[in-house]
Amino acid sequence: MTCQHCVRAVTQAIQAEDPRAAVQVDLTAGTVRAETSLPRERLAALVAEEGYQVTAR
């Protein structure tokens with residue numbers, strides 16, 4: 001992820017499934033943090049569907 005478009009795309013993808021999700025994207029670190037009721041696997045799938053590589057932490 002390199003720009004605000006990336007942030008918006010990932011945030012909207014997550015919030016489309018959980019409108020109450022609090023999403024934080026750190027472009028410098030290349031990380032996404034989300035407070036959500038969605039399972040971790042679904043979050044990873046949503047980020048991947050937007051075209052970004054997901055690694056576990």
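The chain is numbered in sequence order, starting from 1.
- Proximity of a side-chain donor or acceptor of E50 to a complementary backbone N or O of V10 within less than 3.5 Å is not detected.
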Worksheet item: So Q24 and V32, side chain to side chain contact (heavy atoms under 4.5 Å, CB included) or not? Walk me through it.
Response: CA-CA 6 Å; Q24 297 175 341; V32 177; over 6 Å; no
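- With a 4.5 Å cut-off on side-chain heavy atoms, L27 and Q4 count as touching.
- Residue L46 holds its CG atom at 13.0 Å from OH of Y52, rounded to the nearest 0.5 Å.
- When all heavy atoms of V25 and V7 are compared, the closest pair comes out as CG1-CG2, 3.8 Å.
- Using a 3.5 Å distance cut-off with no hydrogens or angles, the side chains of D18 and T36 do pair a donor with an acceptor.
- Partner of L43 under the side-chain contact (heavy atoms from CB on, under 4.5 Å) criterion, chosen from V23, V54, L38: L38.
- Taking a cutoff of 4.0 Å between a charged side-chain nitrogen and a carboxylate oxygen, E49 and R42 qualify as a salt bridge.
- Taking all atoms of both residues into account, the shortest heavy-atom contact from I14 to A21 is CG2-CB, 3.8 Å.
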